[in-house]
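Lettering follows sequence order; numbering is per chain, from 1. Only a predicted model underlies this, so the values are computations on that prediction, with no experimental measurement involved.
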Amino acid sequence: NAGVTQTPKFRVLKTGQSMTLLCAQDMNHEYMYWYRQDPGMGLRLIHYSVGEGTTAKGEVPDGYNVSRLKKQNFLLGLESAAPSQTSVYFCASSYGLLYEQYFGPGTRLTVT
Amino acid sequence: GENVEQHPSTLSVQEGDSAVIKCTYSDSASNYFPWYKQELGKGPQLIIDIRSNVGEKKDQRIAVTLNKTAKHFSLHITETQPEDSAVYFCAASNYNQGGKLIFGQGTELSVKP
């Protein structure tokens, strides 16, 4: 099992550019999550999904969109990147509510 | 909504000593409290969790205690080893919030040999 994988690992964007981060899990988990991690602020939930075809907003959803077309994949999109979106992005998945979340290795995004 | 405060932000101990990290939460409905360890350059990994129907849980050198009345919970690591050096995050959640985890700010633990 690969667990949770994320692509790409690193990316540099210019302000206004768009990109998509891909998360994939092979554990047949229903729940998937996108977090961002900034120094001194812990992890903050951006969007999450409770099953294929569903998405919901987390704590900091503005400027991001997500899609869950297949159960194993969860995509995070930035339509018009801003320097404030410079961060490390983590994807996670879990079997259900209040169960262990398994995290991917992260994507380091820099917006200049 | 839920708010989780974590202290201290940094902690340095000698190998073999104990380390304690404390968290407080605001939502009395929270009933699930996991602790995650994050090593440099990696994603967080669950090390222990506790649910509100118990007051303490142990797993070898790691223990977590929960005080629902005071709305705080703590991570205890005994006989610390250099490989315990990492950033530790507490979190809180409940069904009313759709199971979303609200994380504390993190504690950077350094174990000196």
Side-chain angles (χ1 to χ4, degrees), chain A residues 1-7 9-10 21 23-25 27 29-51 54-61 66 74 76 87-108, chain B residues 1-10 21 23-27 29-54 57 59 64 66 75 86-108:
Chain A
N1 282 351
V4 179
T5 58
Q6 293 182 232
T7 51
K9 288 185 170 52
F10 303 93
L21 283 67
C23 176
Q25 53 95 4
M27 296 173 281
H29 285 167
E30 289 292 337
Y31 293 73
M32 297 188 73
Y33 314 83
W34 276 107
Y35 293 90
R36 60 177 289 173
Q37 184 175 33
D38 302 293
M41 300 188 74
L43 292 103
R44 293 181 293 168
L45 183 65
I46 304 170
H47 286 283
Y48 65 105
S49 169
V50 301
T54 75
T55 62
K57 294 181 179 180
E59 295 176 85
V60 288
V66 288
F74 195 28
L76 177 71
S87 188
V88 181
Y89 291 86
F90 287 99
C91 175
S93 71
S94 68
Y95 171 74
L97 281 179
L98 308 190
Y99 280 81
E100 176 178 0
Q101 292 188 17
Y102 293 82
F103 283 80
T107 294
R108 183 173 294 275
Chain B
E2 175 66 279
N3 183 52
V4 177
E5 296 288 333
Q6 182 173 347
H7 298 281
S9 57
T10 61
I21 303 170
C23 290
T24 60
Y25 61 98
S26 61
D27 189 346
S30 287
N31 56 2
Y32 176 62
F33 307 92
W35 285 88
Y36 284 82
K37 176 183 180 182
Q38 185 177 27
E39 297 177 343
L40 195 62
K42 297 184 177 181
Q45 186 172 11
L46 182 75
I47 54 171
I48 195 168
D49 57 11
I50 190 168
R51 298 179 190 270
S52 58
N53 56 346
V54 298
K57 184 176 179 180
D59 183 3
V64 57
L66 172 65
L75 178 71
V87 179
Y88 292 81
F89 292 96
C90 64
S93 185
N94 63 69
Y95 283 106
N96 294 342
Q97 295 178 32
K100 293 178 287 186
L101 286 179
I102 304 299
F103 284 86
Q105 297 84 352
T107 296
E108 184 175 0

Check your understanding: With sequence neighbours left out, what residues match B:N3 under side chain to side chain donor-acceptor pair (under 3.5 Å)?
Key -> B:E5
Practice item. Could you list the residues that satisfy side chain to side chain contact (heavy atoms under 4.5 Å, CB included) with B:T107, not counting sequence neighbours? Key: B:Q6, B:P8, B:L11, B:I21
Practice item. Supply the atom-to-atom distance B:L101 CG to A:S94 OG, rounded to the nearest 0.5 angstrom. Key: 8.0 Å
Check your understanding: Under 4.5 Å, heavy atom to heavy atom, which residues of residues 33-43 of chain B contact chain A?
Key -> B:Y36, B:Q38, B:G41, B:K42, B:G43
Point to revise | Which atom of A:G42 lies closest to which atom of B:F89, heavy atoms considered | key: CA-CE2, 3.5 Å
**Study point:** B:S9, part contacting chain A, at a heavy-atom distance under 4.5 Å
**Key:** neither
Revision key, fill the gap. Bottom line for B:N31: the part with an atom under 4.5 Å from chain A's heavy atoms is side chain
Exercise for review: Report the distance from atom CD1 of B:I102 to atom CZ of A:R44, rounding to the nearest 0.5 Å.
Suggested key: 11.0 Å
Review point. Does anything in residues 96-104 of chain A get under 4.5 Å of chain B by heavy atoms, and if so which residues?
Key: A:L97, A:L98, A:Y99, A:E100, A:Q101, A:F103, A:G104
